[in-house]
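Single-structure report; data block below.
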Number of protein chains: 2
Amino acid sequence: MKRTRPLKRKPKRTEPKLREPEAADPRSIDDDPVVQGILTAISQKRLKPGAKLGEDKLAAAFGTTRIHIRQALSHLASRKVVMQIPNRGAFVYRPSWAEAQDIFAARRIIETAAVSAAVDRLDKAGKAELKAHMEREARHDRNDRWASLSLTAEFHILVAKLAGNRVLLEMSRELMLRTSLAIATFEQPGEPDCSPDAHPDIGALILARDKAGAVHAMRHHIEEMEQRIRPKEGKDEVDELTAIFQEIGARARAGG
Amino acid sequence: MKRTRPLKRKPKRTEPKLREPEAADPRSIDDDPVVQGILTAISQKRLKPGAKLGEDKLAAAFGTTRIHIRQALSHLASRKVVMQIPNRGAFVYRPSWAEAQDIFAARRIIETAAVSAAVDRLDKAGKAELKAHMEREARHDRNDRWASLSLTAEFHILVAKLAGNRVLLEMSRELMLRTSLAIATFEQPGEPDCSPDAHPDIGALILARDKAGAVHAMRHHIEEMEQRIRPKEGKDEVDELTAIFQEIGARARAGG
DNA sequence: ATTGGACATATTGTAAACAGTATAGCCGCC
DNA sequence: GGCGGCTATACTGTTTACAATATGTCCAAT
């Protein structure tokens, strides 16, 4: 091997000038198959709140490495979909009763605003999309519980999309997921998430450009969902106990 | 060393039964000093959109390891505060013009709702907190740009806190940060984020329990902020160019 | 002089081994 | 017989080194 060049070049202390990342590949971690898999499993209620998400098992299940799984779990944890506990691992998030109520309150605010904006912005393409979804929801097999859950969630997402605000759309997506967790935690067993007649009504009102009516129907629909969950009675005792122990533990730590 | 026990114990195929994580330590990654440091640096505009966040440099600056930094950056990326580009690294997020508008629209919706709820729920402790903040904001040194920025952000956060909904509070926090990025990207140089008189007005209306007035003032305040930013003219050409190249690239990839 | 290629460097991404911690089961003790 | 300590195990968390990618710089050729 010839070495026609001096061994070291000059140190170069100037900053590298760094082209700014204008034309970057916008592929996000949200498109990651692991993230998507866990999210759909949760929204379809195949994964229940509190379920353990072991890294090795997930890595084997998805055919990937632990590092990849850790990244996905961290991402889901910052979205409050999973809960990470130091040295114990990751679990499907279980909202508290207060948090469940806050989630529904937030949905009341955001989705009523979304319906309002959707009526304002409704155009031909939007009408077509909405009609297509309503037809799918009307015709779907009601015995297929997983498909039902996916479709009802998609209706709310579609309304947020029609509102034309991506930030609001992301928030709605997040709130939908957290609603799934809230319902899974506090539901009376056997009841569906959404009452089956509400979506066609809301959709029809949007198509008729009846803004006040659509907003009212959406608010009513969400309140109806909210009234279907109840705080777990036995659960409260347990929570009280754990609160006591936590307080004791904190005091012991603080007092020395 | 004696070995009184058989070498292997029985395989134990039963699932470990796994106590559920009720009494978990809720310390979150949001409390992480690296995350907090970057967030405050951004909200005080010491870090500008597009700035490179190199892992080694951050690790040295915070006196920690690269792994820790990577975790923090991933978390910030899922909150859309930093942008991660494969093999290029992390940068302070730079919202598009459309995204900036969506952020303000979302703030209009959420913060007007928060003001309304704050008026409804206002109690003695809330009044005291609000008065204390207003006094701090009135007395602060206006030449200290960093303190000013922190205080104006804290006012909006305080209103969200008074609304009593943790989910909404988190959303407001996120929107405040993204607003900082939007303003830093599109501001006319030298103007403050919030007009200085708006906060005392809104605070007084809340204290007077004038719900409609407070909501109106908040909406007006946010619209005023929004009108202060302008799309970058020279920027549009660049964006157009990158759009052309991206489109060409996508076509090439799709066509084979 | 400008352009294209190739090396060198800096930085990110990944794998594997190691260490630390909580949990479960067992034995001795009261 | 119930209870507390002890040990083994399984899991997470961290460190380390290595590989891959992008980028800047230099040289050669046109």
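Residue numbering restarts at 1 for every chain, and letters A, B, ... go by the order of the sequence lines.
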A:Arg79: which residues meet the salt bridge (Lys or Arg N to Asp or Glu O under 4.0 Å) condition with it, sequence neighbours left out?
A:Asp30, A:Glu174
Quickly work out the [X] [atom1] to [N] [atom2] distance and round it to whole Å.
X: A:His68; N: C:dT14; atom1: NE2; atom2: C1'; value: 12 Å
X: A:Phe91; N: C:dA22; atom1: CZ; atom2: P; value: 13 Å
X: B:Ile85; N: D:dA22; atom1: CD1; atom2: C1'; value: 12 Å
X: B:Asp56; N: C:dT9; atom1: CG; atom2: P; value: 17 Å
X: B:Ile69; N: C:dT11; atom1: CD1; atom2: P; value: 14 Å
X: B:Arg66; N: D:dT16; atom1: CZ; atom2: C1'; value: 11 Å
X: A:Gln84; N: C:dT21; atom1: CD; atom2: P; value: 18 Å

Please verify the inter-ring angle class for B:Phe155 with B:His133; under 30° counts as parallel, over 60° as perpendicular, anything in between as tilted.
tilted
For a quick test of reading the model: is some side-chain N or O of [X] closer than 4.0 Å to OP1 or OP2 of [N]?
X: B:Lys52; N: C:dT12; result: yes
X: A:Arg70; N: D:dT12; result: no
X: A:Arg88; N: D:dC11; result: no

Roughly how bent is the helix from C:dA1-D:dT30 to C:dC30-D:dG1 end to end, in steps of 10 degrees, with each end axis from five pairs?
10°
Could you tell me if the side chain of B:Leu175 sits less than 4.5 Å from the side chain of A:Val167, heavy atoms only?
yes
[X] [atom1] to [Y] [atom2] distance, which is reported to the nearest 0.5 Å:
X: B:Leu73; Y: B:Ser78; atom1: CG; atom2: OG; result: 10.5 Å
X: A:Ile109; Y: A:Met171; atom1: CD1; atom2: CE; result: 11.5 Å
X: B:Arg166; Y: B:Ser172; atom1: CZ; atom2: OG; result: 14.0 Å
X: A:Lys57; Y: A:Ile69; atom1: NZ; atom2: CD1; result: 13.5 Å

With salt bridge (Lys or Arg N to Asp or Glu O under 4.0 Å) as the test, pick out the partner of A:Glu99 among A:Arg94, A:Arg178, A:Lys80.
A:Arg178
Could you identify which residues of residues 75-82 of chain A place a heavy atom less than 4.0 Å from some atom of DNA chain C, listed by residue number, or say none?
none
Does a salt bridge link B:Glu226 with B:Arg108, judged by any charged N lying under 4.0 Å from a carboxylate O?
yes
Closest-nucleotide mapping onto DNA chain C: is A:Thr65 or A:Asn87 further toward the 5' terminus? I mean the 5' end.
A:Thr65
Which of the following nucleotides, C:dG13, C:dA15, C:dT21, is nearest to the side chain of A:Ile67?
C:dA15
